[in-house]
Amino acid sequence: MAKITTTSLALMTAAAVISLRGLPMMAKEELTMFFYIGFATFLYLIPASLVAAELGSAFGDKGGGVYTWIKAAFGSRAGFLAIWLQWIQNVVWYPTVLAFAAACIAYTIGKPELANNGTYVGIFSIAIYWLATLLSFKGTELISKVTSYGFVAGTVVPGVVIILVAIIYIMQGNDIQFLHPQENVASIVKVTTEGKLHPRLFPFIAGMGDIAFLAGILLLFAGVEVHAVHAQELKDPQRDFPKAIGLAGVIIFLLFTFGSLAVATILPYDQIDLQAGLMEAFKQIFDKYHLSWITNLIGILAAFGVLAGVTSWIAGPSKGLLWTAKEGVLPPFWAKTNANGVQVNILIVQGIIVSILSSLYFVMDNVSVAFFLLSALTIGLYLIMYLLMYATGIKLRYTHADLPRSYKVPGGNGGMWFFAGLGFVATLFAFVVAFFPPTQLPVGSPATYVGLVVAGTVIFVGMPLLVAKRPHTHL
C-alpha cells in the first residue's frame with residue numbers, strides 16, 4: 001500500500017473542511033467566535049477525527065465508508081440510514097455554498113446588490129449546479145485537475161488576502177469594528193453601567209436562539225471522516241495520525257479564526273451578511289484605494305474555489321449510496337451508471353432535490369435567513385450520522401474486539417468511551433440547538449422557521465426508511 005506523509009494527510013483534511021463561506025457566519029459572532037471555535041474543535045473536530053480514524057483503519061480493506069462501519073455495529077438498516085444522511089446532507093449543503101459563489105460573482109460584475117436578490121441567487125445556484133452535474137457525467141480528467149487547484153486558488157489565497165488586508169487596515173489607524181460595537185445585540189455585546197457597549201468573549205445565553213449559530217459553525221468543521229480512512233496509509237498510524245489531525249486543526253483554526261476576525265475588523269456588525277460579508281469586506285477596503293479590480297479578481301478566485309469544490313464533491317458522497325445499491329439495499333434504478341461509471345440516476349435525483357431547495361431563495365424575503373435555514377437543516381442531518389458513528393466506535397470495541405485496527409483511539413476502551421462519549425454529547429446538544437431560530441437574524445415567524453427545519457429533517461430521515469421497506473431490499 002502506498003504511504004502518505006503526515007503533512008499530506010493534514011492538508012487533505014484541512015481542504016475537506018475549510019470553506020470561506022463560513023467566515024461571515026463566524027464574524028457575526030464577533031469575539032464570542034472563540035467560544036464557538038473552541039467548542040467545535042475540542043468537542044467535535046478532535047473526537048470525530050479519532051473515532052473515524054479507528055473505524056477507517058478497521059475497515060480499510062472494504063468500501064462503503066460509514067455504511068460499512070455502522071452496518072457492522074447495528075445492522076444494514078442503520079448503515080443505510082447513515083450513508084443516506086451523509087449523502088443527503090451534502091445535497092442540502094450545495095445551495096448554501098452556491099449562494100456564496102453567487103455573491104462572489106455579483107461583486108465581480110459590479111452588482112453587489114444582487115447578493116441579496118433571492119431570484120438571482122436561486123437561478124444562479126440551480127444553473128451552476130446542473131452545469132457541474134453535466135460535467136460530472138463525463139468523468140473527465142480535466143475536472144479532477146481543475147478541482148485539485150480549487151482549494152489553493154479559491155480558498156487559501158482569498159483567505160490569506162483578507163487577513164493581510166485587515167492587518168493593513170489596522171496599521172493605518174482605522175477603527176477595529178468588533179471593539180466598537182454599534183448594535184446592542186445581547187448575545188455578543190454587554191452594556192456597562194455607564195451605558196457603553198463592550199464586546200463579549202462568552203456569549204450571553206438567555207435562550208437557545210442566542211447560540212443557534214453553533215449548529216451552522218459545526219457544519220464548517222464537518223467532513224473529517226472523509227479522509228480518516230487514509231490513516232492506515234501513514235508510516236506509523238498510531239503516532240502520525242494524531243500529528244496529522246493536530247496540524248490540520250491548527251490550519252483550520254488559524255484560517256477560520258483570523259479570517260473571521262478580519263471580516264469583523266473591517267465591517268460593522270449590521271453590514272456582516274452571511275453569504276456576502278467576505279466580498280463586502282474586500283469591496284470596502286479596495287474601493288477606498290481605487291483598487292476595485294482586486295475585489296473582482298478575488299471574487300473570481302473565491303467563486304472558482306466554490307465551483308471547483310462542488311464539481312469535486314458532486315459525485316463523491318453519492319458513491320457511497322451507489323455502493324448500497326450494488327449490494328441490493330436500494331432498487332436497481334439507483335445502481336445505474338453510464339459508460340464512464342458515473343451514477344447518473346443518483347446524480348439526476350440529487351440535482352432535482354438541489355433545485356427544489358434552491359427555490360427557497362425565491363420565496364424567502366431575506367437571503368441570509370434562507371442561507372442559514374439550509375445550513376441548519378444540513379447540520380441536523382449530518383449530526384445524526386455522527387451520533388451513529390460515535391455509538392459504532394464504542395460498540396465495536398466490544399462486539400468486534402479482535403478486529404485488526406492499524407490505528408486505535410488512545411486510552412483503551414476507556415479512551416474510546418471518553419472521546420466518543422464527549423463527541424456524542426456535544427453533537428446531541430448541537431443537534432437540539434439547530435432547531436432554534438437564531439436571534440441574530442430576522443427570521444420572521446419563528447414557528448415557520450422551526451416547522452421548516454423539523455419538516456425537512458423528518459422528510460429526509462424518513463425517505464430511506466420508506467425505501468428500506470421495499471421487498472427487494474436486503475435489510
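Although no hydrogens or angles enter the test, the distance criterion places no donor-acceptor pair under 3.5 Å between the side chain of Trp69 and the main chain of Gly393. Panel note: side chain Tyr361, backbone Pro95; a donor-acceptor pair is recorded below 3.5 Å. Judged purely by atom type and a 3.5 angstrom limit, Tyr120 uses its side chain to pair as donor or acceptor with the backbone of Ala102. Put simply, the side chain of Thr257 never gets that close to the backbone of Leu254: no donor and acceptor are under 3.5 Å apart. The backbone N or O of Ile126 sits nowhere less than 3.5 Å from a side-chain atom of Tyr94 that would complete a donor-acceptor pair.
Under the rule for a side-chain contact (heavy atoms from CB on, under 4.5 Å), the partners of Val461 that lie at least two apart in sequence or sit in another chain are Leu81, Leu85, Leu381, Ile384, Thr457. Taking the side chain to side chain donor-acceptor pair (under 3.5 Å) definition, one finds that Tyr44 meets it with nothing, sequence neighbours left out. For Lys283, the salt bridge (charged side-chain N to carboxylate O under 4.0 Å, His left out) partners are Asp287, not counting sequence neighbours. Evaluation of the side-chain contact (heavy atoms from CB on, under 4.5 Å) rule for Leu396 yields Leu55, Phe59, Ala72, Ala73, Thr392, Thr399, His400, Arg405 as partners, not counting sequence neighbours.
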Test side-chain contact (heavy atoms from CB on, under 4.5 Å) on Tyr36 and Met26; report intermediate values, then the result. CA-CA 8 Å; Tyr36 293 100; Met26 285 197 290; over 6 Å; no
Under the criterion side chain to side chain donor-acceptor pair (under 3.5 Å), I'd like the reasoning laid out for Lys288 against Asn174: C-alpha separation, chi angles, the key distance, then a yes or no. CA-CA 12 Å; Lys288 182 178 180 180; Asn174 294 296; 3.1 Å; yes
Test log, rule side-chain contact (heavy atoms from CB on, under 4.5 Å), inputs Ile353 and Ile88: CA-CA 9 Å; Ile353 298 173; Ile88 200 66; 3.9 Å; yes
Can you list the steps and then say if Tyr107 with Glu280 is a side chain to side chain donor-acceptor pair (under 3.5 Å)? CA-CA 8 Å; Tyr107 277 80; Glu280 183 60 31; 2.5 Å; yes
Under the criterion side-chain contact (heavy atoms from CB on, under 4.5 Å), I'd like the reasoning laid out for Ile163 against Leu255: C-alpha separation, chi angles, the key distance, then a yes or no. CA-CA 9 Å; Ile163 294 171; Leu255 193 54; 4.3 Å; yes
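Using a 4.5 Å heavy-atom cutoff, the side chains of Met416 and Lys408 are not in contact. Between Lys28 and Met33 the shortest side-chain heavy-atom distance does not fall below 4.5 Å. Here the side chains of Leu357 and Val354 are not in contact, with every heavy-atom distance at 4.5 Å or above. Counting heavy atoms from C-beta on, the side chains of Ile176 and Ile170 come closer than 4.5 Å. Side-chain contact between Trp84 and Trp87 is present, with at least one heavy-atom pair separated by less than 4.5 Å. No side-chain heavy atom of Phe362 sits less than 4.5 Å from a side-chain heavy atom of Val121. By the 4.5 Å heavy-atom criterion applied to side chains, Phe429 and Val433 are counted as neighbours. Side chains of Leu428 and Val425 form no contact here, defined as non-hydrogen atoms less than 4.5 Å apart.
From Phe34, atom CZ reaches atom CD of Glu29 across 12.5 Å, with rounding to the nearest 0.5 Å. The line from CZ of Phe178 to CD of Glu30 is 8.0 Å long, rounded to the nearest 0.5 Å. Here Leu261 contributes atom CG and Ile266 contributes atom CD1; the two are 11.0 Å apart, rounded to the nearest 0.5 Å. To the nearest 0.5 angstrom, Phe286 atom CZ is 8.5 Å from Trp293 atom CH2. Expressed to the nearest 0.5 Å, how far SG of Cys104 lies from CG of Leu278 amounts to 6.5 Å. Atom-to-atom distance recorded for Met279:CE and Ile105:CD1 is 8.5 Å, nearest 0.5 angstrom.
Between Thr295 and Phe282, the shortest heavy-atom contact is OG1-O, 3.5 Å. Here the closest non-hydrogen pair linking Ala101 and Val306 is CB-CG1, 3.6 Å. Closest non-hydrogen pair, Ile298 versus Pro158, comes out as CG2-CB, 4.2 Å. For the residue pair Ser355 and Ser359, the shortest heavy atom distance occurs at O-OG, 2.9 Å. Counting all heavy atoms, side chain and backbone alike, Leu267 lies closest to Gln177 at O-CB, 3.5 Å. Minimum heavy-atom separation, Asp175 to Tyr169: O-OH, 2.8 Å.
The list of side-chain hydrogen bond (donor to acceptor under 3.5 Å, both in side chains) pairs with a residue in residues 417-435, not counting sequence neighbours, reads Tyr398-Trp417. For residues 100-120, no pair satisfies salt bridge (charged side-chain N to carboxylate O under 4.0 Å, His left out), with sequence neighbours left out.
A donor and an acceptor atom, one from each side chain of Gln86 and Tyr67, are nowhere located under 3.5 Å apart.
Other residues, nucleotides and ligands place no more than 12 heavy atoms under 6.0 Å from the CZ atom of Phe42. The local environment of CZ in Phe35 is crowded, with over 12 non-hydrogen atoms from other residues, nucleotides or ligands closer than 6.0 Å.
Ring-plane geometry between Phe435 and Phe431 is classed as perpendicular, the angle between the planes exceeding 60 degrees on a 0 to 90 degree scale with a lower cut at 30.
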